[in-house]
Amino acid sequence: MTTLRPLITICGTTGVGKSKLAIELALKLAQGTHAWRGARIINADSMQVYTGMDVITNKVPIAERMGVEHLLMDFKQPGEQYVVGQWVQDAIKAIDETHGMNKIPIIVGGTSYWIQHLIFPNRLPTPAQSLSDSVARSIANLPPELLELYDALPEHPPSAASHPQDAMLLHKLLTALDEPVAQRWHWKDTRKVIGSLRVIKDTGKAPSEIILEQSNTALIPRYRTLCFWLYAEPSILNERLDARVDDMIKQGLLDEIKELRAIASSPICSSPDALVTELPDESAVQQTDYTVGIYQSIGCKEFHDYLASPEPSEKLFASAVEQMKNGTKQYAKRQIRWLRNKLLPAIYSTNSGGDHATALLPVYLLDATELGDQWISHVLNQGERIVEAFLGNETLSDPLSLSKRAREMLTIDVKPTNPTEVLRARKKVICLACTLDPSQPFMVEDGPQWEAHRHSRTHRRHASRDTKMHGQPVNRRATVHSDIPSNVDAEDKVIIDGFVQNDLHHVSTTH
């Protein structure tokens with residue numbers, strides 16, 4: 001029998017009822033289950049860590065928490081950045097403390113990659129005191145222009161639309177320092193490019209080196225973890241999400257966004273109790289980076305034009321509302337993709353060699369499509385029975401037996417989880433035929449996407465143009481920045497994706 005301590009996690013899309021289930025399970029555990037004296041809920045929503053802003057981050061009101069303690073919530077200022085490595089360290093401390101109280105920690109939130117890094121250690125880069133030999137050689141060979149850029153990376157990623165030359169220069173620098181990773185990112189994806197460059201500066205290693213090191217480390221969980229995936233059929237969930245946006249507006253969403261805009265324009269974040277009495281500096285607000293901190297919350301970017309307009313109109317307001325609804329539904333789709341493409345393969349890899357009854361990481365999908373009585377029978381009652389068996393070390397039921405939707409969503413194609421295999425999976429190539437401006441190359445992912453592009457009408461038209469101009473088709477594929485000497489053999493031109501990459505730029509001291 002494993003000596004790993006028990007942990008319960010609840011994942012799922014936004015608006016599906018994760019917090020409701022967590023509170024209900026905690027109240028059940030408080031009645032006494034297998035000598036445990038209750039439970040504490042540990043927040044794993046990257047936006048709910050911020051104090052205030054309860055509407056835009058969809059926090060459960062204190063009155064509805066039913067006295068259940070919630071940790072890692074409401075403790076960061078809106079202007080602060082708080083990343084996965086910090087959260088994992090804080091969550092481990094909270095879990096240790098909770099186990100010390102003879103209570104069960106319940107991790108709940110929609111930021112599934114935070115939960116994944118909590119479950120699986122040794123998947124976050126750590127700071128180093130010196131440069132690796134490979135990085136040191138690459139930096140020594142940088143031309144002056146790229147060396148100057150490396151020494152003074154921009155604080156915020158430039159817009160590829162408005163500053164394409166700056167974006168290409170960053171990509172060229174990454175290619176010189178870590179070509180395998182540069183092949184992974186489109187030159188327009190400046191956030192990912194600059195994130196990879198910061199990994200090099202913070203760790204002294206190329207991201208591809210870090211990934212290759214992880215190939216020698218097996219996926220071994222920190223805890224014996226019961227994973228619940230709370231799921232609702234998208235067609236039904238989307239209606240709820242639209243209604244929730246309307247409710248958020250009635251509850252004061254715009255007031256919170258205005259306050260965040262004021263904070264963005266202030267050189268010093270005000271205290272959570274401070275009143276915003278001055279209008280925001282629009283020049284500063286216009287430069288707000290909606291890809292960091294609480295400003296990633298859906299609604300901030302979507303209402304930007306409406307709130308920035310000197311004459312806000314009903315048309316702008318309606319457009320903002322529609323954008324927020326669409327953004328929320330797209331986010332829910334991304335959450336499902338992450339669970340099926342990243343978290344489930346990692347869990348299944350860890351559980352391989354055993355059946356569901358002996359799995360270290362049993363995972364169950366609870367169907368929350370229907371509410372009311374259906375919630376009680378399909379979610380709460382099933383969840384309570386599974387928790388009871390899990391904590392009592394009893395034989396667990398087959399996860400695929402719970403429902404038709406569980407069978408459908410928990411059955412996935414086999415995907416590589418070894419970092420080396422993942423690294424080799426995908427890379428970007430340039431389509432020379434479709435590159436109209438050499439300074440802004442047309443890039444597409446190699447493999448199926450390249451084949452689909454090659455047969456597209458646009459590509460055939462451009463290729464036909466080249467044939468007419470040159471008498472024969474041009475070489476249609478190339479790697480970006482071919483003027484930079486390659487540091488790797490063709491077989492080793494691997495790239496980064498999936499399990500590790502989302503947080504390569506979040507350096508951690510946690511293993």
Side-chain angles (χ1 to χ4, degrees), residues 1-12 17-45 48-49 59-75 87-111 114-121 221-230 347 356-364 366 368 375-397 399 510:
M1 183 181 298
T2 179
T3 59
L4 294 178
R5 294 171 298 167
L7 180 72
I8 297 173
T9 67
I10 302 176
C11 303
K18 298 182 298 295
S19 294
K20 171 180 169 64
L21 175 60
I23 292 169
E24 290 173 340
L25 291 179
L27 292 174
K28 178 67 174 180
L29 288 168
Q31 298 174 13
T33 300
H34 300 293
W36 295 98
R37 296 174 52 198
R40 301 163 94 203
I41 292 174
I42 300 174
N43 168 55
D45 185 304
Q48 292 186 3
V49 302
K59 293 176 190 152
V60 176
I62 293 177
E64 296 179 16
R65 297 178 193 177
M66 306 298 290
V68 177
E69 190 174 2
H70 284 60
L71 309 175
L72 302 189
M73 182 181 284
D74 274 321
F75 72 108
W87 178 83
V88 169
Q89 293 181 63
D90 291 341
I92 290 173
K93 293 176 183 176
I95 291 169
D96 290 344
E97 183 181 80
T98 302
H99 282 141
M101 299 166 65
N102 205 29
K103 293 184 177 182
I104 293 292
I106 301 177
I107 310 293
V108 57
T111 311
W114 278 20
I115 295 175
Q116 187 159 337
H117 281 298
L118 173 66
I119 295 174
F120 298 107
R222 280 192 176 93
Y223 309 99
R224 187 171 70 94
T225 306
L226 171 59
C227 303
F228 284 122
W229 175 4
L230 199 56
I347 289 175
H356 62 270
T358 59
L360 274 178
L361 302 174
V363 55
Y364 290 87
L366 301 178
W375 170 277
I376 295 174
S377 61
H378 292 170
V379 177
L380 180 57
N381 290 346
Q382 287 188 349
E384 288 179 348
R385 284 195 296 269
I386 294 168
V387 168
E388 179 82 13
F390 173 76
L391 295 179
N393 293 310
E394 301 169 10
T395 301
L396 294 169
S397 59
T510 297

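As the structure is a prediction and not an experimental result, all values here were calculated from the model.
- A distance of 4.0 Å separates CE in M73 from CD in Q48, rounded to the nearest 0.5 Å.
- P105 and T98 make their closest contact through N-CG2, 3.7 Å (heavy atoms, listed as atom of the first residue, atom of the second, distance).
- With salt bridges taken as basic N to acidic carboxylate O contacts below 4.0 Å, none links E69 and K103.
- No donor-acceptor pair closer than 3.5 Å links the side chain of Y223 to the backbone N or O of L118.
- Note that CG of N381 and CD1 of I376 are 7.0 Å apart. Values are rounded to the nearest 0.5 Å.
- Side-chain contact between L21 and W375 is present, with heavy atoms from C-beta onward closer than 4.5 Å.
- Between R222 and L4, the closest side-chain pair of non-hydrogen atoms is not below 4.5 Å.
- Formation of a donor-acceptor pair under 3.5 Å by the H70 side chain with backbone atoms of I62 is not found in this model.
- Looking at every heavy atom in both residues, I115 comes nearest to C11 through CD1-SG, 3.6 Å.
- F120 places a side-chain heavy atom less than 4.5 Å from the side chain of L361.
- With a 6.0 Å radius and a threshold of 12 heavy atoms from other residues, nucleotides or ligands, L27 has its CG atom above the threshold.
- In this structure, CD1 in I23 is found 5.0 Å from CD1 in I41, a value given to the nearest 0.5 Å.
- Counting all heavy atoms, side chain and backbone alike, A91 lies closest to I42 at O-CD1, 4.3 Å.
- Using modelled atom types, one side-chain atom of W87 and one backbone atom of N43 make a donor-acceptor pair closer than 3.5 Å.
- Of the possible donor and acceptor atoms, none in the side chain of R5 sits under 3.5 Å from a partner among the backbone N and O of I104.
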Please report the C-alpha distance between N393 and R224 in whole Å, then the side-chain angles of each, then the deciding distance to 0.1 Å, and finally whether the side chain to side chain contact (heavy atoms under 4.5 Å, CB included) criterion is met.
CA-CA 11 Å; N393 293 310; R224 187 171 70 94; 3.3 Å; yes
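- With values rounded to the nearest 0.5 angstrom, I10 atom CD1 is found 6.0 Å from I106 atom CD1.
- Considering all non-hydrogen atoms of both residues, A94 and L71 come closest at CB-CD1, 3.9 Å.
- Between Y364 and S397, the closest heavy-atom pair is OH-O, 2.5 Å.
- Here CZ of R40 is found 14.0 Å from CG of L29. Values are rounded to the nearest 0.5 Å.
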Begin from the C-alpha positions of W36 and H99 and carry the test side chain to side chain contact (heavy atoms under 4.5 Å, CB included) through to its verdict.
CA-CA 9 Å; W36 295 98; H99 282 141; 4.2 Å; yes
Could you please spell out the steps behind the side chain to side chain contact (heavy atoms under 4.5 Å, CB included) verdict for E64 and K59?
CA-CA 10 Å; E64 296 179 16; K59 293 176 190 152; over 6 Å; no
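- Two residues are said to be in side-chain contact when any heavy atoms from C-beta on lie closer than 4.5 Å; V49 and D90 fail this criterion.
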Determine whether F228 and V108 satisfy the following criterion, side chain to side chain contact (heavy atoms under 4.5 Å, CB included), listing intermediate values before the conclusion.
CA-CA 9 Å; F228 284 122; V108 57; over 6 Å; no
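- Taking each heavy atom of N102 and A35 in turn, the nearest pair found is ND2-O, 2.8 Å.
- Put simply, NE2 on H117 and OG1 on T111 are 12.0 Å apart, with the number rounded to the nearest 0.5 Å.
- Atom CE of M66 sits in a sparse spot, with 12 or fewer heavy atoms from other residues, nucleotides or ligands closer than 6.0 Å.
- Taking the side chain as every heavy atom from C-beta outward, L7 and P221 never approach each other to under 4.5 Å.
- You'll find the side chain of L230 stays beyond 4.5 Å of the side chain of K20, heavy atoms only.
- Residues W114 and I107 fail the side-chain proximity criterion, which asks for heavy atoms closer than 4.5 Å.
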